[in-house]
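The sequence lines fix the lettering, A, B, ..., with proteins before strands; numbering per chain opens at 1.
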Protein chains: 2
Amino acid sequence: MTANTLKRQPLYAQVKQLLMQRMSGGEWQAHDALPSEWELADELGASQGTVRKALSELVDAGLLYRQQGRGTYAAPVPGDWGEASLLTPGLFFERPDELVREFLGMSRLNASEDIAEALQLRRLAPLLRIRQLWRWHGAPVALDDALLPAETFDGMDARWLRNSAGVYATLQQRFGVRVKVVCEQFRAEMLPREEAGLLGVTGMVADVPALCLLRLSADMDGRPLEWRQRYCLTHQLAYTVKHG
Amino acid sequence: MTANTLKRQPLYAQVKQLLMQRMSGGEWQAHDALPSEWELADELGASQGTVRKALSELVDAGLLYRQQGRGTYAAPVPGDWGEASLLTPGLFFERPDELVREFLGMSRLNASEDIAEALQLRRLAPLLRIRQLWRWHGAPVALDDALLPAETFDGMDARWLRNSAGVYATLQQRFGVRVKVVCEQFRAEMLPREEAGLLGVTGMVADVPALCLLRLSADMDGRPLEWRQRYCLTHQLAYTVKHG
DNA sequence: AAGTGGTCTAGACCACCTA
DNA sequence: AGGTGGTCTAGACCACTTA
């Protein structure tokens, strides 16, 4: 508590910031133990209670988890589905089947007006578009476009994306950026032609309703980072979201 | 801290429970000020910090809100849409137009197997079905069925529902029960005939995709209380959920 | 037995609001 | 000036895990 208090910002918030920086720097990998609350308190010149408050907020944010009597650990990076999964309609407590991810490609485009505004970019700002397909027991069930500000993620390599657990995992590993979902929109739409092709809906069947998801994500400080658009086929599996 | 500690349950949790009971009893209406942290601490024989922790959890749960320098207040009951609203697709930061609620009726039925399991009831347990229609600028946009355990809400009166802000508001006012959403499922479906009629989708148009929402809600202790099924027309407005 | 997270206290000060 | 929420500390004890 001695010196560098910039004031205007409570001590626990400074501790939290500092820990987030050290985590971004890769100091602790998933499931690594952090120093104990007392060690951190010593090291940072704060009391155990203050360190504890900072850690608690990081636990709430999903960056850490605790085990009584054991320690505090770095949480694994969430996947591209976050708190959502595909489940049998009506059964909320089923264990979700793991979806298989397929990286389809990365391309560049310019932001539309809506997207530029949502991501707080200028009109026509360059974006990276990352396209992924999700399969369930081999059958395509969802198609993803993640749109990221190209300048923020300059140097993004398609090979990183091909061999990873998803977009969020890559952002964390390669850029030290942890992302959280800000808000989501849902609509029911007839599946557009291009998406129908990629999802393997072809032939005479023609008109299939699809769940259309729009998601806005931000970094831990609230700066918008990602606009995602996802088409889900929900005639077999329902898009399920668990709440706090 | 003197006497009635049942142990096995930390003091702040007991304080929280006690405050929840007093709120259910109607001791404070929406926007009423609670006693100050110090008064509560005195009254309950705990320290200010302990009371503060209990209050903080209730704030997180949405039952209270705080204003620095002023006090702690009872939060208004959330509406049937919770953190969700209908917005123009792609615009996340729009202010939502208020939806107009229309109570369509209350009936009784027996639980299907799925619903009985989700609500932790026996098979064929009696349920109340409360049907509501939501209009936007006069046009129907959503249709709701709320299914409640009939035995828990014995004495429910349709007149209460007609003149209220919704199902959750009625449960709070008449039964002292505060509800929170546990999880939600989304699907895209072709609008079934009966629902199409109630939503005013008629004539030759025929095949309209609808967003189908399934929601499981519980009381503050986690006991399941409500199964809700909602059909939304999303060709104009998207179902928008804001996160933590 | 030692180490860790989890709870609780008493007292102090600060920042903000109302009067 | 007085009241309220918001932060911080030092010290204590408990419950759980590991060795």
Side-chain angles (χ1 to χ4, degrees), chain A residues 1-20 22-23 27-28 30-75, chain B residues 1-20 22-23 27-28 30-75:
Chain A
M1 71 49 138
T2 51
N4 65 346
T5 55
L6 284 167
K7 284 304 170 202
R8 277 300 69 90
Q9 184 85 325
L11 184 50
Y12 76 87
Q14 298 176 41
V15 171
K16 180 180 162 188
Q17 274 298 128
L18 195 147
L19 288 172
M20 277 173 50
R22 289 171 66 175
M23 284 202 292
E27 186 160 342
W28 302 291
H31 307 294
D32 282 356
L34 269 66
S36 77
E37 297 178 350
W38 283 103
E39 284 172 354
L40 285 171
D42 248 44
E43 184 182 333
L44 305 177
S47 71
Q48 177 260 357
T50 299
V51 167
R52 184 171 178 76
K53 175 152 186 173
L55 291 176
S56 294
E57 295 211 346
L58 294 174
V59 169
D60 291 343
L63 299 196
L64 300 176
Y65 64 94
R66 289 198 263 233
Q67 284 183 24
Q68 157 128 211
R70 287 174 49 82
T72 304
Y73 302 86
Chain B
M1 69 55 131
T2 52
N4 66 343
T5 55
L6 286 168
K7 282 306 169 198
R8 277 299 71 88
Q9 184 85 325
L11 184 51
Y12 76 88
Q14 299 177 40
V15 170
K16 182 181 161 187
Q17 274 298 126
L18 195 147
L19 288 172
M20 277 173 50
R22 287 172 66 176
M23 284 202 292
E27 185 161 344
W28 303 290
H31 307 295
D32 282 356
L34 270 66
S36 77
E37 296 178 351
W38 283 104
E39 284 171 352
L40 285 171
D42 246 46
E43 185 183 333
L44 305 178
S47 72
Q48 177 260 356
T50 298
V51 168
R52 183 171 179 77
K53 175 152 186 172
L55 291 175
S56 294
E57 295 211 345
L58 293 174
V59 169
D60 291 343
L63 300 195
L64 300 177
Y65 64 94
R66 289 201 262 232
Q67 284 185 23
Q68 156 130 213
R70 287 175 49 83
T72 303
Y73 302 86

Task: Inter-residue atom distance A:Leu64.CG - A:Leu58.CG, 0.5 Å rounding - done: 5.0 Å

Open item on the list: Distance check needed: D:dC13 C1' versus B:Leu11 CG, whole Å only.
Closed with: 14 Å

Task: Close side-chain approach of A:Leu55 and A:Leu34, heavy atoms under 4.5 Å - done: yes

- [ ] Heavy atoms only: give me the nearest A:Gly62-A:Ala75 pair and the separation to one decimal.
- [x] O-CB, 3.3 Å

- [ ] Starting at atom OH of A:Tyr12, determine the distance to atom C1' of D:dG5, rounded to an integer number of angstrom.
- [x] 12 Å

Open item on the list: Does B:Leu19 form a side-chain contact (heavy atoms from CB on, under 4.5 Å) with B:Leu40? I'd like the steps, not just the answer.
Closed with: CA-CA 10 Å; B:Leu19 288 172; B:Leu40 285 171; 4.3 Å; yes

- [ ] State, with a plain yes or no, whether a side-chain heavy atom of B:Trp28 is found less than 4.5 Å away from one of B:Leu63.
- [x] no

Task: Length of the line joining B:Leu40:CG and D:dG6:P, which is rounded to integer Å - done: 14 Å

Open item on the list: I need the full list of salt bridge (charged side-chain N to carboxylate O under 4.0 Å, His left out) pairs touching residues 47-64 of chain B, with sequence neighbours left out, sorted by first then second residue.
Closed with: B:Lys16-B:Glu57, B:Glu37-B:Arg52

Open item on the list: Without decimals, in angstroms, what is the distance between A:Leu64 CG and C:dG5 P?
Closed with: 11 Å

Task: Nearest-0.5 Å distance that lies between atom CE in B:Met20 and atom CD in B:Gln17 - done: 5.0 Å

Task: Between C1' of C:dA15 and CD of A:Gln9, the distance in whole Å - done: 14 Å

Task: Protein-nucleotide distance (A:Tyr73, atom OH; C:dG5, atom C1'), rounded to Å - done: 10 Å

Task: Whole-Å gap separating P (C:dT9) and CD (A:Gln48) - done: 15 Å

Polar-atom pairs under 3.5 Å, protein N or O versus N or O of nucleotides 2-4 of chain D: list them with distances, or write none.
unit_1: D:dG3; atom_1: N2; unit_2: B:Gly69; atom_2: O; d: 2.9

Task: Proximity to DNA chain C (any heavy atom under 4.0 Å), residues of residues 51-58 of chain A only - done: A:Arg52

Open item on the list: Ignoring hydrogens, what is the shortest heavy-atom contact between A:Ala46 and A:Leu11? Give both atom names and the distance.
Closed with: CB-CD2, 3.9 Å

Task: B:Arg22 vs B:Leu18 side-chain heavy atoms within contact, under 4.5 Å - done: yes

Open item on the list: Applying ring pair (Phe, Tyr, Trp, His ring centres under 6.0 Å), can you list everything that pairs with A:Tyr12, at least two apart in sequence or on another chain?
Closed with: none

Task: Rounded distance in Å - CG (A:Asp60) to P (C:dG6) - done: 12 Å

Open item on the list: So for the helix from C:dA1-D:dT18 to C:dT18-D:dA1, with five pairs setting each end axis, what is the inter-axis angle to 10°?
Closed with: 0°

- [ ] Tell me whether the OP1 or OP2 atom of C:dT7 has a side-chain N or O from B:Thr50 closer than 4.0 Å.
- [x] no

Task: Counterpart residues, side chain to side chain contact (heavy atoms under 4.5 Å, CB included), relative to B:Ala33 (two or more places apart) - done: B:Tyr73

TODO: Tell me whether the OP1 or OP2 atom of D:dG6 has a side-chain N or O from B:Arg66 closer than 4.0 Å.
DONE: yes

